[in-house]
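Structure record follows, encoded as structure tokens.
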Amino acid sequence: MIRVVALLALAGFSFADASSRYALVESYDHTNFFDKFHFFESNFTTGNYNDVDPTSGYINYRNKEDAKKLGLIAVQGSEIFLGVNHRDVFNPKGKGRDSVRIESNRLYNHSLFIAEFTHMPNPVCGAWPAFWTYADPWPVKGEMDIYENWNLAQDNLVTLHTGNSTQLGNCTIDQKNMLNPVIASNCDVTHEDAKQGLNQACNTLELLGQWGSKSGGVYAMEWTSEHIQVWSWSRQRTPSDIRLRRPKPRLWGTPHFSAGSPSCDIDGHVADQKLVLNIDFCGAAAGSPQLWGQQCRNTTGYASCIDFVAENPDAFNNVFWKIKGIDVYRMESNSTESRHLSHDLRRHSKRRLHAPRHLD
């Protein structure tokens with residue numbers, strides 16, 4: 001052990017650095033993307049609108065086969081396209097505009113998610129795009145909105161939703177831990193007071209994010225027992241360790257969003273998350289009378305979100321995602337680390353430590 005530590009010291013790095021390495025465990029890309037997701041399909045036959053859309057949108061989420069036929073999804077070279085029907089006029093009292101909502105087949109705990117987008121949906125009245133995670137039962141196991149907003153918003157909302165638990169205590173967030181300005185600090189979806197509304201949860205405004213970017217961006221969310229933190233970058237300014245698939249969140253600086261101990265029991269409030277990408281219309285957010293009236297009545301000339309979305313397909317030409325890929329990392333086990341450490345030390349020995357290198 002003394003010899004190992006000595007070699008590490010000569011190479012210019014610490015034992016702590018070597019024992020906290022992320023390993024790639026899953027990659028979503030153009031070779032497998034749609035096989036790794038379940039397509040939520042709107043069901044209009046049950047009489048329960050939650051089966052059409054849990055967020056009450058003017059929407060018709062299509063299955064994989066229908067989405068392909070309608071051109072809502074496609075693999076375009078090394079990129080993945082997810083869009084909406086921007087050709088047809090719809091009946092405002094009918095099923096809603098065609099779109100997709102995909103949810104990962106796999107459930108995740110304690111992971112690092114890094115998603116690279118090459119195009120974000122254009123901010124348009126009526127549209128409500130989101131990249132997020134959630135679990136059943138909701139909100140007991142939590143929801144994390146990494147990228148979300150609606151209508152003509154200029155910035156991304158980052159939000160953690162938790163359930164009400166007297167045993168675990170409420171999760172709250174603190175401005176001193178993050179770059180984003182805090183809008184509401186209590187993550188409990190049932191909390192309501194003069195400063196925040198029901199189901200608002202703890203949310204922040206990402207003033208330095210990639211909202212609506214035509215050239216995309218990169219989002220990272222690190223989820224441990226201690227915290228949930230979110231960063232973002234333009235594709236040109238993405239840290240080199242991410243490009244090398246050797247991510248080191250501790251080098252990324254202050255996160256845009258941060259929730260965690262001592263004010264939040266992460267493990268008690270967040271578990272078994274699905275990755276979700278969707279584009280909704282109207283619904284509980286974009287279509288609410290308060291938000292529509294503030295943002296979109298004068299812009300569109302329509303008093304109703306549903307009427308505008310139904311009758312103006314051309315407005316949604318650029319409301320689509322393009323994804324380069326989503327990588328999921330987990331901390332390597334000590335045994336795996338030991339094998340890597342031993343291997344790298346042997347390489348150092350052969351090179352006689354002529355130049356320092358990092359155990360990434």
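Computed from a predicted model, the values in this text were never measured in an experiment.
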Using 30° and 60° as the class boundaries, would you call the ring planes of Tyr22 and Tyr329 parallel, tilted or perpendicular? perpendicular

Can you list the residues that meet the side chain to side chain donor-acceptor pair (under 3.5 Å) rule with Asp88, with sequence neighbours excluded? Asn85

State whether a side-chain donor-acceptor pair under 3.5 Å links Glu226 with Ser261. no

Which heavy atom of Ser99 sits nearest to which heavy atom of Ile279, and what is that distance? OG-O, 2.6 Å

Salt bridge (Lys or Arg N to Asp or Glu O under 4.0 Å) against Lys36, all qualifying residues, sequence neighbours excluded: Glu26

Listed partners of Lys93 passing salt bridge (Lys or Arg N to Asp or Glu O under 4.0 Å), at least two apart: none

Residue pairs involving residues 70-112 (criterion disulfide (SG to SG under 2.5 Å); sequence neighbours excluded): none

Same cluster or not: are Ile266 and Ile173 linked, directly or through other Ile, Leu, Val, Met, Phe, Trp or Tyr residues, by side-chain heavy atoms under 4.5 angstrom apart? yes

Taking ring pair (Phe, Tyr, Trp, His ring centres under 6.0 Å) as the definition, give me every residue that meets it alongside Phe81, ordered by chain and number, with sequence neighbours left out. Phe320

Using ring centroids (six-membered ring only for Trp), state whether Phe90 and Tyr58 fall under 6.0 Å. no

Hey, is the main chain of Gly260 close enough, under 3.5 Å, to the side chain of Ser263 for a donor-acceptor pair? yes

Residues which pass side chain to side chain donor-acceptor pair (under 3.5 Å) with Ser213, listed by chain and number, not counting sequence neighbours: Ser215

With clusters defined by side-chain heavy atoms of hydrophobic residues (ILVMFWY) lying less than 4.5 Å apart, directly or transitively, does Val75 cluster with Ile102? yes

Restricting to ring pair (Phe, Tyr, Trp, His ring centres under 6.0 Å), what partner residues turn up for Tyr302, sequence neighbours left out? Phe308

Does either side chain, that of Asp188 or that of Thr190, offer a donor lying less than 3.5 Å from an acceptor on the other one? yes

Will you find, in the side chains of His86 and Asn317, an N or O donor that is under 3.5 Å from an N or O acceptor? yes

Going by the side chain to side chain donor-acceptor pair (under 3.5 Å) test, name the single residue among Glu143, Gln273, Lys274 that passes it with Thr133. Gln273

Within the 6.0 Å centroid threshold, strictly below: Phe113 and Tyr219: no

Where at least one partner belongs to residues 199-271, residue pairs that pass disulfide (SG to SG under 2.5 Å), sequence neighbours excluded: Cys171-Cys264, Cys187-Cys202

Among Asp136, Asp272, Asp267, find the residue that satisfies the salt bridge (Lys or Arg N to Asp or Glu O under 4.0 Å) test when tested with Lys141. Asp272

Using a strict cut-off of less than 4.0 Å between a Lys/Arg side-chain nitrogen and an Asp/Glu carboxylate oxygen, indicate whether Asp241 and Arg246 qualify as a salt bridge. no

Ring pair (Phe, Tyr, Trp, His ring centres under 6.0 Å): which pairs involve residues 179-216, sequence neighbours left out? Tyr147-Trp211

Ring center gap for Phe117 and Phe131 short of 6.0 angstrom: yes

Does NZ or CZ of Arg101 fall inside the cone over Phe40's six-membered ring, less than 6.0 Å from its centre and within 45° of the axis? yes

If the plane angle is over 60° it's perpendicular, under 30° parallel, otherwise tilted; pick one for Phe44 and Tyr49. perpendicular

Residues forming a ring pair (Phe, Tyr, Trp, His ring centres under 6.0 Å) with Phe281, sequence neighbours excluded: Phe316

Checking Cys282 against Cys305 for the disulfide (SG to SG under 2.5 Å) test, could you report, in this order, the C-alpha distance in whole Å, the side-chain angles of both residues, the deciding distance, and whether it holds? CA-CA 6 Å; Cys282 302; Cys305 177; 2.1 Å; yes

Linking I/L/V/M/F/W/Y whenever their side-chain heavy atoms sit closer than 4.5 Å, directly or via other members, would Ile146 and Met120 fall into one cluster? yes

Is there a path of hydrophobic side-chain contacts, each under 4.5 Å between heavy atoms of I, L, V, M, F, W or Y residues, that connects Leu291 with Trp128? yes

Glu206 and Asp155: side chain to side chain contact (heavy atoms under 4.5 Å, CB included), yes or no, with the steps? CA-CA 6 Å; Glu206 190 189 14; Asp155 300 291; 5.6 Å; no

Residues which pass salt bridge (Lys or Arg N to Asp or Glu O under 4.0 Å) with Glu222, listed by chain and number, not counting sequence neighbours: Arg250

Salt bridge (charged side-chain N to carboxylate O under 4.0 Å, His left out) partners of residues 295-322, not counting sequence neighbours, each pair once: Glu79-Lys322

